[in-house]
Amino acid sequence: MRMGRVRVDPVLVQAVIAATLSFAHLHDLAAAAGQDGWKAWAYPVSVDLLLVAAWHRLRTGGAKASAWCWFLVALVASRGANVATAGLLDLHDVPAWLRILVAGWPAVAFLGGTLLAHGTRTLPEAPKTPTAPEAETTGRPETEDPAAPTAPELPTAPAPAPASVPPALVALARKVADEHRTRTGTAIDTSTRRARLGVPLPLAEAIAAHLT
């Protein structure tokens, strides 16, 4: 029976080596800063988890600016430990400011991980469902229900009475109308009567009501 060959990805091997070295450097720095025992091993775990959470948010979620911010924070913490343990820092005499940074890192990692895990994500838009076509009208008139109550008929308002016009003006208007009929053979209209008498349109209409 022939066994299949196992393909080794060199990039994955390189990533494992780099992660292991970075893990060891973070452990050594935490131990030198006074975090001994299991606490020294928890520091590199928190840094790597923050890196993974930020990278996952960059690949799948929204809030790119927040994800990049926490990714850079975790990256600086990891790279800072690598540089500090490369002989540039005396691990037997760690300065006070570095001890403060190491002691305050758990709160920073907790805040970043919480915001990345429970932050607002951009949800995909739901596909629009086609609306049902409107019902076609048959064109048949609707039959009225004889049992339905009918609205009561409102009384019609009486026609307004003609406005009062002086008798002299009525006589003058009748004279002008007779002259117009004699000259043209047709009855005078309201606009012509208004122009001949020089009165406003409402008064001309009132005069016409008195002449009929």
Side-chain angles (χ1 to χ4, degrees), residues 1-139 142:
M1 184 175 179
R2 186 176 183 182
M3 298 180 59
R5 295 181 179 179
V6 178
R7 297 184 60 183
V8 179
D9 189 353
V11 178
L12 181 59
V13 174
Q14 178 68 23
V16 171
I17 294 174
T20 303
L21 292 175
S22 179
F23 193 93
H25 292 160
L26 285 167
H27 169 268
D28 295 344
L29 182 62
Q35 308 297 327
D36 54 352
W38 65 270
K39 293 180 290 184
W41 292 106
Y43 273 84
V45 174
S46 67
V47 173
D48 291 345
L49 287 180
L50 186 59
L51 276 171
V52 173
W55 180 248
H56 179 72
R57 173 58 64 89
L58 287 173
R59 294 291 303 272
T60 60
K64 300 292 185 181
S66 176
W68 273 114
C69 176
W70 289 111
F71 183 82
L72 291 177
V73 168
L75 187 63
V76 169
S78 178
R79 297 291 80 81
N82 296 339
V83 174
T85 56
L88 300 179
L89 179 67
D90 185 5
L91 297 181
H92 299 287
D93 186 16
V94 178
W97 61 267
L98 185 55
R99 293 178 180 270
I100 295 174
L101 289 179
V102 173
W105 171 257
V108 176
F110 175 77
L111 176 62
T114 303
L115 293 178
L116 290 172
H118 301 286
T120 304
R121 297 185 179 182
T122 304
L123 299 178
E125 296 182 358
K128 297 182 179 180
T129 57
T131 57
E134 298 181 357
E136 298 181 357
T137 58
T138 57
E142 297 181 358

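Treat the numbers as computed from the prediction; the structure is a model and nothing was measured.
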#### Entry: Non-neighbouring partners of V52 that pass side-chain contact (heavy atoms from CB on, under 4.5 Å), sequence neighbours left out
none

Kindly indicate whether the side chain of [X], heavy atoms from C-beta on, has any atom under 4.5 Å from the side chain of [Y].
X   : Y    : answer
L26 : V45  : no
S46 : F110 : no
H27 : Y43  : no
V47 : F23  : no

Can you give me every donor-acceptor pair (side chain of residues 67-87, partner residue at least two apart or in another chain, under 3.5 Å) with its distance?
residue, atom, partner, partner atom, Å
S78, OG, S22, OG, 2.5
N82, OD1, H25, ND1, 2.8
N82, ND2, S78, O, 3.4
T85, OG1, A81, O, 2.7
T85, OG1, N82, O, 3.4

### Message
So which atom in R57 and which in K64 form the shortest heavy-atom distance, rounded to 0.1 Å?
### Response
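Shortest heavy-atom contact: O-NZ, 4.2 Å.
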
### Task
Evaluate the side chain to side chain contact (heavy atoms under 4.5 Å, CB included) criterion for residues L50 and V108: first the C-alpha distance (whole Å), next the side-chain angles of each, then the deciding distance (0.1 Å), finally the verdict.
CA-CA 10 Å; L50 186 59; V108 176; 5.6 Å; no

Enumerate donor-acceptor pairs with a distance under 3.5 Å from any side-chain N or O in residues 92-102 to protein atoms, sequence neighbours excluded.
residue, atom, partner, partner atom, Å
R99, NE, V94, O, 3.4
R99, NH1, A33, O, 3.3

